[in-house]
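For reference, the structure discussed in these notes is given below.
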Amino acid sequence: MDKPTLPKGTRDFGPAQMAKRQFIFASIRSIFQKFGFLPLETPAMENLSTLTGKYGEEGDQLLFKILNSGDFLKDVPADKLVARDSRSITFDIAEKGLRYDLTVPFARYVVMNRHEITFPFKRYQIQPVWRADRPQKGRYREFYQCDADVVGTDSLFCEVEIILMIREAFAALGITDYSIKINHRGVLGGLADLAGAGDQQTSLFVAIDKLDKIGEEKVKEELVARGFSPNSLTPVFQLLNAQGTTADKLALLDGTFSQSAAGQKGIAELRQMLDLLRAYGASEDHVEFDVALARGLSYYTGCIFEVKIHNVAIGSVCGGGRYDNLTAVFDGKEKSSGVGISFGIDRIYDAMEELQLFPARTQISTKVLIAHFDAASHSYGLGVLRALREAGIASEIYPDESKLKKQLEYADRKLIPYTIVIGPDEVRTGQLTLKVMGTGEQQALPITDIIHRVRA
RNA sequence: GUGAAUGUAGCUCAGUUGGUUAGAGCAUCAGAUUGUGAUUCUGAGGGUCGCGGGUUCGAGUCCCGUCUUUCACCCCA
């Protein structure tokens, strides 16, 4: 029999990794709750029709499809089978798919439950998503997203709260060196107007988004190859290269975008957002206005966010933005504005591991192990175990009768900080041997004293 | 989807122009120690060299295919 393996791009998480992952989940969850977001879970699989067409053509290719049960070839037209065109029979043999992100299922949920939902609706969702991408560093086929979205309000204070939550989360995780890049689709629209991009807007955005990665010259080359004239790009790069504070940059854009309605709207909203941040009493720490930031082009319409941790070779660890018409794809009459953020915890984990930011002691589960010599001391130990647990102390007894060496080794490996050794002497006197594994120090104490000591 | 690298013990890796029975460190197990882990000493077990085919008297080593992992592109968390 072949050795078992995992599907490409998936991972097991052992106890040591789970301790760290749960630390991240718990930190982020408590912040979402503090900001008034309510939990939601949706199924791992959705109808394929719910997922397709929401992520662009490339996104559709990255969807995992689920083969129909039973005789799945039964209803496939014969000519399609003869043609052997896999793509054309996909929808005949697969009517379900695994979710690709949490935002689209959320939009589906909102449309289906709009009469029960109190708007503005703030929900958070922490679940895995699947993408049939080629795996590489920081990219997996199964990974978790931690999303918080607000739907049903245009208030820019939602954007402010996103910034506040990101900062709180990173502070809780001990990540200090990072930047929250912000931009606005309107600003991008202004750049497109400036360059006379016409229907080539997307090409322009995709290219300038790579600016910090491949540099100005390569971006220009790419754009010229796509039909942009070098002259039209000059004013665009003047703006992209602007230095100074966020206010300085906004002032510069304000002058340049005088003829662009989109650009003016972007500037106004970014300014208002910063005003609200100030009114809340918060700083602009970590916030960086980046005119070149372009992302989530298929549905973001307002502010856009991306978080990068410095000094690690890992892509963005958070992304988000505002979408004016997400629910519209499920119901044309419904136009609910939403804004949200997604934490990519697998990447945050990788970054924290690389930066050695995890607290050393995340793994401890059991606090006390009871070790014993024979059937009589094991039996006596059961009463001690009950007393410990009733006192709320995480504890366990070594299940088998075996050498003390083996029992202490078990405690050592499990990073259990205390052991209680019980033999004939302890059973007779009631004075139990408490051993502190870290120092090797041990002393004879009655169980009540041990409980007091271990709790402290 | 495009391009490139990688794969030898549980883990990290050696392995000579292709030449006897494929090695090391760590880990595991046992003993030194029948009331004491993490440190010490002694010993033992563990490999179809990713898989399939080819070249050769002979392949861990060369060639082809395939899978895995990794890196870059595309895109993204």
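We use all heavy atoms of the structure for the numbers below, so side chains are in, but hydrogens, waters and symmetry mates are not. Given the structure is predicted, the values throughout are model-derived calculations rather than measurements. First the proteins, then the strands, lettered A, B, ... as listed; each starts at 1.
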Touch class at under 4.0 angstrom, heavy-atom based, for A/Y410 against every strand present: nothing
Separation of the C1' atoms in B/C51 and B/U68, to the nearest angstrom: 10 Å
Watson-Crick/G-U partner (both atom distances under 3.5 Å) of B/C26: B/G10
Atom-pair distance (NZ on A/K181; P on B/C76), nearest Å: 15 Å
With A/Y349, the ring-ring contact (aromatic ring centres under 6.0 Å, His included) member among A/F13, A/F343, A/Y140, A/F358: A/F358
Closest to the A/K213 side chain, choosing from B/G35, B/A77, B/C75: B/C75
Nucleotide nearest A/E409 (side chain, heavy atoms from C-beta), chosen from B/G37, B/G35, B/C75: B/G37
B/U40 pairs with, by Watson-Crick or G-U criteria that keep both distances under 3.5 Å: B/A32
Between A/F35 and A/Y124, ring centroids under 6.0 Å: no
Heavy-atom donor-acceptor pair, A/D412 side chain to A/L408 backbone, under 3.5 Å: no
Distance, P atom - from B/G58 to B/A4, rounded to whole angstrom: 32 Å
Nearest listed nucleotide, side chain of A/F373, among B/C76, B/G35, B/A4: B/G35
A/F143 aromatic ring stacked with six-membered ring of B/A77, 5.5 Å and 30°: yes
Given B/C75, B/U70, B/C76, the nucleotide with the shortest approach to the side chain of A/R347: B/C76
side-chain hydrogen bond (donor to acceptor under 3.5 Å, both in side chains), paired with A/K220, selected from A/E217, A/E216, A/E222: A/E216
Within-4.5 Å side-chain heavy-atom neighbours: A/I93 and A/V76: yes
Contact under 4.0 Å: A/Q407 side-chain N or O vs B/U36 OP1/OP2: no
Side chain proximity check, A/L369 to A/I420, heavy atoms < 4.5 angstrom: no
Same-atom distance (P) from B/U40 to B/G18, integer angstrom: 41 Å
Residue mapping more 5' on RNA chain B - nearest nucleotide basis, A/S342 or A/K210: A/K210
Residues A/K65 and A/E95 bridged, charged N to O under 4.0 Å: no
pair A/C303-A/M273: side-chain heavy atoms closer than 4.5 Å: yes
Sugar-phosphate, base or nothing in reach of A/K435, heavy atoms under 4.0 Å: base
Nearest-nucleotide pick for A/K406, side chain only, options being B/A30, B/A77, B/U68: B/A30
Minimum-distance nucleotide (side-chain atoms of A/D412 versus B/A38, B/C76, B/U70): B/A38
Pairwise C1' distance, B/U48 and B/A9 [rounded to whole Å]: 13 Å
Nucleotide B/U69, atom P - distance to CZ of A/R11 in whole Å: 12 Å
Donor-acceptor pair present, A/Q442 side chain and B/U36 base, under 3.5 Å: yes
Sugar-phosphate only, base, or nothing, as touched by A/V421 at under 4.0 Å among non-hydrogen atoms: base
Sugar-phosphate, base or nothing in reach of A/E58, heavy atoms under 4.0 Å: sugar-phosphate
Pairwise P distance, B/A24 and B/G15 [rounded to whole Å]: 15 Å
Nearest to side-chain heavy atoms of A/R413, which nucleotide of B/A77, B/U28, B/G35: B/U28
Sugar-phosphate only, base, or nothing, as touched by A/G9 at under 4.0 Å among non-hydrogen atoms: sugar-phosphate
Sugar-phosphate only, base, or nothing, as touched by A/D101 at under 4.0 Å among non-hydrogen atoms: nothing
A/R123 charged N/C atom sitting above A/F106 aromatic ring, 6.0 Å / 45°: yes
Touch class at under 4.0 angstrom, heavy-atom based, for A/G440 against every strand present: base
Any strand: nucleotide that pairs with B/A4 via Watson-Crick or wobble, under 3.5 Å: B/U70
Euclidean distance for C1', B/G45 against B/C64 (whole angstrom): 38 Å
Complementary nucleotide of B/C57, counting Watson-Crick and G-U pairs under 3.5 Å: B/G19
Rounded distance (Å) that lies between atom C1' of B/A77 and atom CG of A/D350: 11 Å
Validation row: A/E288, A/I182 side chains within 4.5 angstrom (heavy atoms): no
Interatomic distance, A/K405 NZ vs B/U33 P [rounded to whole Å]: 12 Å
Phosphate-side-chain proximity, A/K403 and B/A30, N/O vs OP1/OP2 below 4.0 Å: no
Nucleotide B/C73, atom C1' - distance to CG of A/D133 in whole Å: 12 Å
Residue A/R139, side-chain atoms from C-beta onward, closest of B/C71, B/G35, B/C76: B/C76
Nearest listed nucleotide, side chain of A/M437, among B/U36, B/G37, B/C71: B/G37
Sugar-phosphate only, base, or nothing, as touched by A/K308 at under 4.0 Å among non-hydrogen atoms: nothing
Sugar-phosphate only, base, or nothing, as touched by A/T419 at under 4.0 Å among non-hydrogen atoms: nothing
Distance test, side-chain N/O of A/K8 to OP1/OP2 of B/U68, below 4.0 Å: yes
Span that lies between the C1' atom of B/A22 and that of B/U61, in whole angstrom: 12 Å
For atom CG of A/L404 and atom C1' of B/A38, their distance in whole Å: 14 Å
Separation of the C1' atoms in B/G43 and B/U33, to the nearest angstrom: 16 Å
Atom-to-atom span, NZ of A/K137 to C1' of B/A4 - whole angstrom: 18 Å
For atom CG of A/D60 and atom P of B/C76, their distance in whole Å: 13 Å
Sugar-phosphate, base or nothing in reach of A/D346, heavy atoms under 4.0 Å: nothing
Side-chain-base donor-acceptor pair under 3.5 Å for A/E426 and B/G35: yes
G-U wobble or Watson-Crick pairing nucleotide for B/G52 (cut-off 3.5 Å, both distances): B/C64
